[in-house]
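Start at 1 with the first residue, then count along the sequence. Note that the structure is predicted; figures quoted are calculated from it, not measured.
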Amino acid sequence: MISDTQSQMRILIIDDHALILDGTVELLKKQYPDAITSTVQTAQRAREEIAVFQPNLVIMDLSLPETLGKTATIEVGLQLLQNLLSNYPYLNLMVQSSYVKALVRLKHEIDSHQGGFTIADKSLSEKEMLTRLNWAMQGVTHTKDIKNSLEVKPEWLEVLRLAFEEGLQDKAIAKQINVSERMVRHYWTKLQDILGIYPEDDKNLRVQTLKRSREEGLID
């Protein structure tokens, strides 16, 4: 007798919180009682499990640890997502996270993805969460939660990262990315223009840039 396992839906859930994993599994059982589900809590295990499990749908948080015992960060989750978008172009994905604004950093890769891709903030209702999940399974793209008005170049993001995460000054940033210090200042003005930040008396431009960049999900 031929098993029908191959025709069954296989769903992988990636989240470092056990309660979220358990709750998502229960939600899926109501909607897809015959689906096969698997859960992992780290980026490393996710990469391993996807290769073996070959899911039809991946539901993932963005704040993840690389391995057990490590601190969960958005950067790790974004790196994992970027890896999935690159290596599995037809994989259906739903990002279920409280940090969906950070997805603006991968907007180009998401726009190019050929599988379903939906975004579900963890504050959404159960009904709306299932709607986004169903859309992803159907190959639908739903990314309007990512602000489309921000067209940010990779080199601008690197300047932000080096300044606010590495604590580098413009001279050091210029050396790091192999451009002139004048070009770094040019990047700052372009960033600040996109973020709507302009010189004002008694206001520090860099502090305002950091604040707005975080609000828009450009940095953690």
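- To the nearest 0.5 Å, atoms CD (E48) and CD1 (I50) are separated by 10.5 Å.
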Problem set entry | Test salt bridge (Lys or Arg N to Asp or Glu O under 4.0 Å) applied to D15 and K122, step by step | CA-CA 12 Å; D15 199 297; K122 285 185 175 180; 2.9 Å; yes

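- Listed by chain and number, the residues in a salt bridge (charged side-chain N to carboxylate O under 4.0 Å, His left out) with E165 amount to none (sequence neighbours excluded).
- For NZ of K153, the number of neighbouring non-hydrogen atoms (other residues, nucleotides, ligands) closer than 6.0 Å is 12 at most.
- Proximity of L80 to L78: side-chain heavy atoms (C-beta onward) are nowhere separated by under 4.5 Å.
- Nearest heavy-atom pair, L12 versus A46, reported as atom, atom and distance to 0.1 Å: CD2-O, 4.3 Å.
- Each of T39, L57, I20, L27 was checked for a side chain to side chain contact (heavy atoms under 4.5 Å, CB included) with I13, and the lone residue meeting it is T39.
- Of the possible donor and acceptor atoms, none in the side chain of T118 sits under 3.5 Å from a partner among the backbone N and O of H142.
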For this session: Output, in order, the C-alpha distance, side-chain angles, deciding distance and verdict of side chain to side chain contact (heavy atoms under 4.5 Å, CB included) for V58 and N92.
Result: CA-CA 6 Å; V58 169; N92 296 317; over 6 Å; no

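- Checked by atom type and distance alone, the side chain of S86 never pairs as donor or acceptor with a backbone atom of Q82 at under 3.5 Å.
- Within 6.0 Å of the CD atom in Q31, the count of heavy atoms belonging to other residues, nucleotides or ligands exceeds 12.
- In this structure, the side chains of T71 and P65 stay at 4.5 Å or more apart for every pair of heavy atoms.
- Residues A43 and V76 come closest through the heavy atom pair CB-CG1, 3.7 Å.
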Problem set entry | Candidate pair K101 and E216, rule salt bridge (Lys or Arg N to Asp or Glu O under 4.0 Å), full reasoning | CA-CA 6 Å; K101 281 189 175 182; E216 295 294 345; 5.3 Å; no

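- How far CG of L85 is from OG of S112: 9.0 Å, rounded to the nearest 0.5 Å.
- At least one side-chain heavy atom of L28 sits less than 4.5 Å from a side-chain heavy atom of I11.
- Looking at E26 and K30, no side-chain N of the basic residue comes within less than 4.0 Å of a carboxylate O on the acidic one, giving no salt bridge.
- Identified under the side chain to side chain donor-acceptor pair (under 3.5 Å) test for residues 178-188, with sequence neighbours left out: D170-W188.
- With rounding to the nearest 0.5 angstrom, the CZ atom of R132 is 13.5 Å from the CD1 atom of I59.
- Under a cut-off of 6.0 angstrom, the local environment of OH in Y99 is sparse, with at most 12 non-hydrogen atoms contributed by other residues, nucleotides or ligands.
- Considering only heavy atoms from C-beta on, D61 stays 4.5 Å or farther from Q96 through its side chain.
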Exercise. Stepwise, does the side chain to side chain contact (heavy atoms under 4.5 Å, CB included) test hold for I119 with M94?
Worked result: CA-CA 6 Å; I119 302 166; M94 184 175 89; over 6 Å; no

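- Panel note: side chain N134, backbone L130; a donor-acceptor pair is recorded below 3.5 Å.
- For the residue pair T67 and Q44, no side-chain donor N or O sits within less than 3.5 Å of a side-chain acceptor on the partner.
- Using a 4.0 Å cut-off between charged side-chain N and carboxylate O, E66 and R45 make no salt bridge.
- Panel note: side chain Q41, backbone L68; no donor-acceptor pair is recorded below 3.5 Å.
- Between the D121 side chain and the L124 main chain, no donor and acceptor come within less than 3.5 Å of each other.
- Looking only at distances, no side-chain donor or acceptor of R214 sits under 3.5 Å from a matching main-chain atom of I219.
- Hydrophobic clustering (side-chain heavy atoms under 4.5 Å, transitive across Ile, Leu, Val, Met, Phe, Trp, Tyr) keeps W135 apart from L91.
- Remark: side-chain polar atoms of R10 are not paired, donor with acceptor, to backbone N or O of N56 under 3.5 angstrom.
- Put simply, NZ on K70 and OG1 on T73 are 11.5 Å apart, with the number rounded to the nearest 0.5 Å.
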For this session: I would like to know whether M137 and Y32 meet side chain to side chain contact (heavy atoms under 4.5 Å, CB included); could you show each step before the answer?
Result: CA-CA 11 Å; M137 277 304 306; Y32 302 109; 4.2 Å; yes

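- Contact of the N83 side chain with the R47 side chain is registered, since non-hydrogen atoms from C-beta on lie closer than 4.5 Å.
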For this session: Please assess L81 against F117 for the test side chain to side chain contact (heavy atoms under 4.5 Å, CB included), listing each intermediate value before the final yes or no.
Result: CA-CA 11 Å; L81 179 57; F117 191 96; 4.0 Å; yes

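- Inter-residue side-chain proximity for L106 and E109 is flagged as met; some heavy-atom pair is nearer than 4.5 Å.
- The existence of a salt bridge linking E75 and R105 is confirmed by a sub-4.0 Å separation between a basic side-chain nitrogen and an acidic carboxylate oxygen.
- What you find for H113 and Y90 is that their closest heavy atoms are CE1-N, 4.1 Å.
- Both M183 and L205 are assigned to one and the same hydrophobic cluster, defined by single-linkage of ILVMFWY side chains at heavy-atom distances under 4.5 Å.
- The side-chain heavy atoms of T209 and L160, taken from C-beta on, include a pair separated by under 4.5 Å.
- Rounding to the nearest 0.5 Å gives a distance of 10.0 Å between CD1 of I74 and CG of L64.
- With contacts defined as side-chain heavy-atom distances shorter than 4.5 Å, the pair T42/D16 does not qualify.
- Interatomic distance, OH of Y88 versus CG of L93, reported as 11.0 Å (0.5 Å rounding).
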